[in-house]
Amino acid sequence: MASNSLLSLNFTPKYSKIPSKHLFSFPHSFPLQYIISNKRQFPQAAVASIPYQPINIDYLEDEFSGHGVSFESVGNLCVAKMSLENRSTASLMLPHGLITSYKAPMWHGGTLELLHTSVSEGDDGDAVIQGGVSLAFTCVTEAFSWSPTTWSLCDIRGNASDSIQIELIASDSEDNVEVKYIISLEEDILSSELVVVNSRLASLEIMGAVVSHLTVSTPDATYAIGLEGSDFFNRHPFESNFSIVPPQLGQNKGEVGSAWGQNVFKGLLFGTNARKENDADEVEMMGEEKDNYKQLNEEMSRIYTSAPRNVTVIDRGRRNSVILGRAGFEELYMYSPGSSQESYSKYSYVCVGLSALLNPIVLAPQDVWKGRQLLHNPNL
């Protein structure tokens, strides 16, 4: 079990002085931007459906050589691959900030993919990429709403022998809210850290989740360890751009336009009071977890409000485990599509993540908030 020391947020990032617009464009071109509508917090558009300015791969290779990161162009997008000498690797899609792969060394001497990602063809023929580790959250006040979905590369630090950090940054159109997203790859850890700076004169609410799709052999062989005694709410599956949810669930429960989707939209747009008015529709029941070795073979979607800071997911089929650690978030989100889905298919995964869905994180004016997720590989 990982110790709480793994979750410390004491390090101070060093930020690049290079203007971020040059990192995602050819010199002297306009900075890469995507203006987010305040009326749609979790857009359902396919990943490849938004036109992006081509990323200058040669510039990135020259600027960040020697850090253990390589870059590959995929259409108008870019994949940054982090590689350590112990064979741990992680892949990050830019400018979306989606972590599509985390391969970790195992006890048997090989490596194993720990994240589940799906690539399919959209209605317009473009690729639709879902799964992995993704961010889906919104910053709101009564008069303001903004969701970071497009990120600029700010800096890369470290080296292949020790650890690598990639730092991304996003801000609202008035630069009053800034979010830094720092992805760190260590020998046995992949971490995702958020730093939110509120420069507004009003308090800010942060609502959403950091969701990780962990690939598993079958839900029948998958267990969550350490949840006994934790209070939970049953809730419809959380959906965002990168969520993988079986279609029958999306049609009946979580799709935009359903009762749950409308309530989340209303709550995000109009604040805490509106969310409280709709709690009865969003949350089905509350209970206490009775099983410390919980099998994830049945369809479930829960938010645990008193879970321990470290929870272990064991896949007995692939004989590996992952420890999920969290800091800054009080809620733990867990979703399993259940064993009714075909084994080793698109739905052979469980979702675990950090959330602020039942109770938003409140950030005072001129204040800073930090949150962090750790995926720890104990299989070395």
Side-chain angles (χ1 to χ4, degrees), residues 9 13 20 32 34 36-37 40-47 50 52 77-80 82 90-102 115-117 129-140 145-154 165-172 177-185 190-198 204-214 237-245 264 268 303 324-335 349 351-357 360-361 363 368-375:
L9 300 175
S20 60
L32 177 66
Y34 175 60
I36 305 300
S37 168
R40 199 173 185 190
Q41 311 310 325
F42 300 113
Q44 300 297 315
V47 169
I50 302 172
Y52 290 102
L77 304 176
C78 172
V79 175
M82 312 160 72
S91 295
L92 173 68
M93 181 179 294
L94 303 173
H96 300 297
L98 174 68
I99 302 174
T100 59
S101 175
Y102 174 34
L115 299 182
H116 187 80
T117 306
I129 302 175
Q130 297 170 300
V133 179
S134 63
L135 309 179
F137 64 94
T138 298
C139 302
V140 295
S145 176
W146 171 69
S147 298
T149 60
T150 302
W151 302 85
S152 295
L153 178 58
C154 182
Q165 282 189 344
I166 294 181
E167 181 183 309
L168 309 179
I169 192 169
S171 60
D172 71 312
V177 179
E178 181 183 78
V179 182
K180 297 181 180 72
Y181 181 29
I182 303 165
I183 301 95
S184 301
L185 179 65
L190 177 68
S191 74
S192 303
E193 182 185 9
L194 287 170
V195 181
V196 182
V197 181
N198 180 21
L204 191 70
E205 290 188 353
I206 303 169
M207 185 178 182
V210 181
V211 179
S212 297
H213 294 70
L214 302 181
F238 178 74
E239 292 192 66
S240 67
N241 270 357
F242 303 109
S243 298
I244 303 176
V245 178
V264 170
L268 288 171
I303 297 175
L324 175 80
R326 77 182 196 279
F329 290 87
E330 296 303 319
E331 301 167 3
L332 173 70
Y333 171 71
M334 183 166 290
Y335 167 72
Y349 68 90
C351 278
V352 293
L354 323 182
S355 76
L357 294 171
I361 296 162
L363 185 58
V368 178
W369 171 83
K370 293 182 180 181
R372 191 181 188 191
Q373 171 184 275
L374 294 178
L375 296 179

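Only this structure's heavy atoms are used, side chains among them; waters, hydrogens and symmetry mates stay out.
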Aromatic ring pairing [X]/[Y], orientation class (parallel under 30°, perpendicular over 60°, tilted between):
{"X": "Phe238", "Y": "Tyr333", "result": "perpendicular"}
{"X": "Tyr349", "Y": "Tyr335", "result": "tilted"}
{"X": "Trp151", "Y": "Tyr181", "result": "tilted"}

Rounded distance [0.5 Å steps], [atom1] in [X] versus [atom2] in [Y]:
{"X": "Ser240", "Y": "Gln130", "atom1": "OG", "atom2": "CD", "answer": "9.0 Å"}
{"X": "Tyr102", "Y": "Leu214", "atom1": "OH", "atom2": "CG", "answer": "11.0 Å"}
{"X": "Ile244", "Y": "Ile129", "atom1": "CD1", "atom2": "CD1", "answer": "11.0 Å"}
{"X": "Ser192", "Y": "Leu374", "atom1": "OG", "atom2": "CG", "answer": "8.5 Å"}
{"X": "Glu330", "Y": "Leu354", "atom1": "CD", "atom2": "CG", "answer": "10.5 Å"}
{"X": "Glu205", "Y": "Thr138", "atom1": "CD", "atom2": "OG1", "answer": "11.5 Å"}

If you look at every heavy atom in [X] and [Y], which pair is closest and at what distance?
{"X": "Ser212", "Y": "Leu375", "result": "OG-CD1, 4.1 Å"}
{"X": "Val177", "Y": "Cys139", "result": "CG1-SG, 4.2 Å"}
{"X": "Ile169", "Y": "Cys154", "result": "CG2-CB, 4.2 Å"}
{"X": "Ala356", "Y": "Met207", "result": "O-CG, 3.1 Å"}
{"X": "Gln165", "Y": "Ser184", "result": "CG-OG, 3.0 Å"}
{"X": "Gln373", "Y": "Val352", "result": "OE1-O, 4.4 Å"}

Sole candidate of Leu194, Ile182, Val195 that passes side-chain contact (heavy atoms from CB on, under 4.5 Å) when paired with Lys370: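 Among Leu194, Ile182, Val195, the one that satisfies the side-chain contact (heavy atoms from CB on, under 4.5 Å) with Lys370 is Val195.
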Side-chain donor/acceptor of Glu167 to backbone N/O of Lys180, under 3.5 Å: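 The answer is no, because no donor-acceptor pair under 3.5 Å joins these two groups.
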Donor-acceptor pair, side chain of His213 and main chain of Gly132, under 3.5 angstrom: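 Side chain of His213 to backbone of Gly132, a donor-acceptor pair under 3.5 Å: yes, one is there.
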Stepwise side chain to side chain contact (heavy atoms under 4.5 Å, CB included) test for Leu168 and Leu153: CA-CA 5 Å; Leu168 309 179; Leu153 178 58; 3.9 Å; yes
Test item: [X] and [Y] side chains (from C-beta on) under 4.5 Å apart, heavy atoms:
{"X": "Phe137", "Y": "Pro148", "answer": "yes"}
{"X": "Ser243", "Y": "Val211", "answer": "no"}
{"X": "Ser191", "Y": "Arg372", "answer": "yes"}
{"X": "Val133", "Y": "Leu98", "answer": "no"}
{"X": "Ile361", "Y": "Val196", "answer": "no"}
{"X": "His96", "Y": "Leu77", "answer": "yes"}

Derivation and outcome, side chain to side chain contact (heavy atoms under 4.5 Å, CB included), residues Thr149 and Leu135: CA-CA 8 Å; Thr149 60; Leu135 309 179; over 6 Å; no
Side chain to side chain contact (heavy atoms under 4.5 Å, CB included) between Thr100 and Phe242, intermediate numbers included: CA-CA 10 Å; Thr100 59; Phe242 303 109; over 6 Å; no
Residues that Ser101 engages under side chain to side chain donor-acceptor pair (under 3.5 Å), provided they are two or more places apart: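 Ser101: side chain to side chain donor-acceptor pair (under 3.5 Å) contacts with Glu113.
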Worked verdict on Leu204 versus Trp369 for side chain to side chain contact (heavy atoms under 4.5 Å, CB included): CA-CA 11 Å; Leu204 191 70; Trp369 171 83; over 6 Å; no
